[in-house]
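Worksheet: the structure to be examined is printed underneath.
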Amino acid sequence: MIGGYLGAGKTTMVNHLLRHAEGRRIAILVNEFGDLPIDEDLIEAEGEDMIAISGGCICCSFGSDLTTALIKLSELTPPPDHVVIEASGVAMPGTVALSISILPGFALSGVVVLADGERVQAQAKDDYIGDTILRQLSDADVIVHSKTDLQPNERAVEAVESWLQAMAPQAKIVPTARGRVPPDIILGLTGPTAKPQASPHADAGYESLAFRKIPPCVPEDLAQKLATGSYGVIRAKGFLRDAEGNSWVVQTVGRRFEAQRSQQPELDGVVCIGRRGALDTEALEALLGSAG
């Protein structure tokens, strides 16, 4: 079970996991605002609800029906060796994990929560999301301290890890940059140390807006505006085109942003996530509708 707040690096870690499956058949189940961007060179075939990935792995969307998706996976021949469930960034992973224990043929190996080392302490103090952050950490057997490469020095990394350990004394802390977590740390868990707990789902406090057919633009400029402008955007991700028709993948987390050339020219559109009622729909429509 993988959890962690919006933009903590879950998708990056999942792609790394798939690249280093080493013969293990892994099923990825995702329920996220927007699409899970699996690296294009890993994909062998795409269907309506399932992506076939090289090496015998698959990625499935379970929407709001995790139980049905798990039952379908159990009926595959051969069945997957591991099922990795990526929860929404605003979900409580312990709550999702509870649903696994009632299904025959499945056992919870553990809960992995990603924490953005640059932002997690400030997020924990936020009046709106602090409870969500701390509850996610309390559900963790392993906390992946992500984005250590963006922190100023080793002392800063150690300070964050000390804080994480104080917030979640039951968890093992694993530092990483760019999602490069050894697969055995994720797939080698043998049982939860933190007892999964039911709690109110946090998704209701958030909303997402999807924008399609965005005019050609300067992708990095548009990503910067989404990250730094007063649009109420906490997280944005998607695909844009520049004036030459090249495809770009853009992502924002808080005030950070990046834009990189994409090899998925058929994809187009951006999903923006924010607290319910805080997204400035009109301003976003004006920005994305006149991006060129």
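- Looking at heavy atoms from C-beta onward, L114 lies out of side-chain contact with I143 at the 4.5 angstrom threshold.
- Ion pairing between a basic and an acidic side chain is recognised when a charged N comes within 4.0 Å of a carboxylate O; D116 and K10 show no such pairing.
- Screening K147, R255, R256 for a salt bridge (charged side-chain N to carboxylate O under 4.0 Å, His left out) involving E118 leaves a single residue, R256.
- For the pair T148 (side chain) and P175 (backbone), a donor-acceptor distance under 3.5 Å is absent.
- In terms of heavy-atom proximity, F257 sits nearest to A223 at CB-O, 3.7 Å.
- Note that OG of S230 is 12.5 Å distant from NZ of K225, once rounded to the nearest 0.5 Å.
- Annotation for E282: atom CD does not count as buried by contact number, only 12 or fewer foreign heavy atoms lying within 6.0 Å.
- Among I234, I273, V233, V270, the one residue that satisfies the side chain to side chain contact (heavy atoms under 4.5 Å, CB included) test with T252 is V233.
- Judged purely by atom type and a 3.5 angstrom limit, Q170 has no side-chain atom pairing as donor or acceptor with the backbone of D139.
- The backbone N or O of A168 lies less than 3.5 Å from a partner atom in the side chain of Q165, making a donor-acceptor pair.
- Put simply, CG on D184 and CD1 on I186 are 10.0 Å apart, with the number rounded to the nearest 0.5 Å.
- For R24, the CZ atom is densely surrounded, since the number of other residues' heavy atoms within 6.0 Å is greater than 12.
- Note that CD of Q121 is 14.0 Å distant from CG of D126, once rounded to the nearest 0.5 Å.
- Taking the charged nitrogens against the carboxylate oxygens, D149 and R180 have no contact shorter than 4.0 Å, which rules out a salt bridge.
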I129 vs V90, side-chain contact (heavy atoms from CB on, under 4.5 Å): CA-CA, chis, key distance, verdict | CA-CA 9 Å; I129 67 172; V90 293; over 6 Å; no
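- Inter-residue side-chain proximity for P93 and Q136 is flagged as met; some heavy-atom pair is nearer than 4.5 Å.
- The two residues C57 and A21 have their closest heavy-atom pair at SG-CB, 3.9 Å.
- Atom CG of residue D127 and atom NZ of residue K125 lie 12.0 Å apart, to the nearest 0.5 angstrom.
- Between I85 and the choices L108, L66, I2, the side chain to side chain contact (heavy atoms under 4.5 Å, CB included) rule is met once, by L66.
- With values rounded to the nearest 0.5 angstrom, Y5 atom OH is found 7.0 Å from T132 atom OG1.
- The heavy-atom pair separating C217 from L240 by the smallest distance is SG-CD1, 3.9 Å.
- For F239 against S247, the heavy-atom pair with the smallest separation is CD2-OG, 4.2 Å.
- Heavy-atom neighbours of D131 CG from other residues, nucleotides or ligands within 6.0 Å: at or below the threshold of 12.
- Crowding of Q151 atom CD: a count of heavy atoms from other residues, nucleotides or ligands under 6.0 Å exceeding 12.
- H145 places a side-chain heavy atom less than 4.5 Å from the side chain of V157.
- Closest approach of E86 to T11, counting heavy atoms only: OE2-OG1, 3.6 Å.
- The distance from atom CD1 of I28 to atom CD1 of I58, rounded to the nearest 0.5 Å, is 9.0 Å.
- Listed here is the closest heavy atom pair of D81 and G23: OD2-O, 4.3 Å.
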Q. Do N246 and R241 pass the side-chain contact (heavy atoms from CB on, under 4.5 Å) test, and can you show the C-alpha distance, the side-chain angles, and the key distance before you say yes or no?
A. CA-CA 5 Å; N246 301 308; R241 296 184 186 281; over 6 Å; no
